[in-house]
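Written out below as structure tokens is the structure these notes cover.
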Amino acid sequence: MNPQTTPKVALITGITGQDGSYLAEFLLEKGYTVHGIKRRASSFNTARVDHIYQDPHVDNARFKLHYGDLSDSSNLTRIIQETQPDEIYNLGAQSHVAVSFESPEYTADVDGMGTLRMLEAIRILGLEKKTRFYQASTSELYGLVQETPQRETTPFYPRSPYAVAKLYAYWICVNYREAYGMYACNGILFNHESPRRGETFVTRKITRGMANISQGLESCLYMGNIDALRDWGHANDLAQAKQHALLKANGYVVNVSVE
Ligand SMILES: C[C@H]1O[C@H](OP(=O)(O)OP(=O)(O)OC[C@H]2O[C@@H](n3cnc4c(=O)[nH]c(N)nc43)[C@H](O)[C@@H]2O)[C@@H](O)[C@@H](O)C1=O
């Protein structure tokens, strides 16, 4: 086959999440073959990607889901070996800041060590020169902000187990780039929302609460810190930013926000 017509192959961790689902749509539209890693659950957990699901028995299926977990290195290594991705987007995470205080060790394992496991798998399989790696870094790294606005050079000051785990992931990505010459980049994304946002995050908590109150199902909505300020990007726009960062940022770090 003419190499120019061979579709690029992407592997996405966290494909069943808000960001993974938008990125999968975006890459499929661009002609990629998209593989995603989903965790096993006894109830259905693929609602955000069901509309793009293709039965693997169909000829030329370009979308495939694999069971896996960021805490399982042999599983990750096997999936990367089987799929031979040109691009990996590491979006899988225990993504909830408040929950990270209740499950700090799990958060460190999945968000921090999980990133190391992916990078090690690429290295062990000898794919350093083929596979580009995008790490979902986060504005939570800035935590107690040291300057406003924040830039790529602003010092980090993480303020939650989630942010500390993501700090490890950020630096191990930098380290693998410098130590092994891998193409690994960090996209520092600020807050982003969509109708696919998880229902325990504040936007969906408010919209669900309002809907329930209007239906007479609840009488009151309890909020946490109502003085917090956040950027408000759309997750679909940021899907494009991720691919742009991976292809154009030459392996470095980019801040992405709408403000
Ligand atoms: C802020 C947040 O922003 C983005 O995430 P999102 O799309 O907005 O958040 P979400 O909760 O909708 O998706 C998280 C996904 O992740 C999966 N997930 C968890 N644990 C493992 C796990 O252990 N293995 C795999 N394969 N997937 C996992 C989990 O099943 C789900 O599909 C990322 O940058 C994210 O990195 C981030 O931190």
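From a predicted model like this one, the values you see are computed outputs, not experimental measurements. Each ligand, and each atom within it, is numbered from 1 in the order the structure gives. FYI, the numbering just counts along the sequence from 1.
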Check for me whether Y106 has a heavy atom closer than 4.0 Å to any atom of ligand 1.
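Yes.
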Any non-hydrogen atom of K38 lying under 4.0 Å from ligand 1?
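Under 4.0 Å: no for K38.
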In chain order, what residues pass the side chain to side chain contact (heavy atoms under 4.5 Å, CB included) check against Q240, with sequence neighbours excluded?
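For Q240 the side chain to side chain contact (heavy atoms under 4.5 Å, CB included) partners, ignoring immediate neighbours, are F26.
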Could you check whether R204 and T207, counting side-chain N and O atoms only, form a donor-acceptor pair closer than 3.5 Å?
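Per modelled atom types, T207 and R204 side chains form a pair under 3.5 Å.
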May I ask you to identify the nearest protein heavy atom to atom 10 (P) of ligand 1, giving residue, atom name and distance to one decimal place in Å?
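That would be S95 OG, 3.7 Å.
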How far is atom 3 (O) of ligand 1 from its nearest protein heavy atom, and which residue and atom name does that atom have?
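I find the closest protein heavy atom is D19 OD2, 3.9 Å.
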Which segment of [X] sits under 4.0 Å of ligand 1 when only heavy atoms are counted:
| X | value |
| --- | --- |
| H96 | neither |
| R196 | neither |
| L70 | both |

Just which atoms of ligand 1 are under 4.0 Å from any heavy atom in [X]?
| X | value |
| --- | --- |
| V110 | 20 (N), 23 (O) |
| I37 | 26 (N) |
| Y162 | 1 (C), 2 (C), 37 (C), 38 (O) |
| A136 | 34 (O), 36 (O) |

Atom pairs and distances, side-chain donor-acceptor, residues 8-20, under 3.5 Å, sequence neighbours left out:
| from | atom 1 | to | atom 2 | distance (Å) |
| --- | --- | --- | --- | --- |
| K8 | NZ | E87 | OE2 | 3.3 |
| T13 | OG1 | N90 | OD1 | 2.7 |
| T13 | OG1 | L91 | N | 3.0 |
| T13 | OG1 | G92 | N | 2.8 |
| Q18 | OE1 | S194 | N | 3.3 |
| Q18 | OE1 | S194 | OG | 2.9 |
| Q18 | NE2 | H192 | O | 3.4 |
| D19 | OD1 | H192 | NE2 | 3.2 |
| D19 | OD2 | H192 | NE2 | 2.6 |
| D19 | OD2 | K242 | NZ | 3.4 |

Report the C-alpha distance between L27 and Y89 in whole Å, list the side-chain angles of each, state the deciding distance to 0.1 Å, and finish with yes or no for side-chain contact (heavy atoms from CB on, under 4.5 Å).
CA-CA 11 Å; L27 294 176; Y89 296 87; 3.8 Å; yes
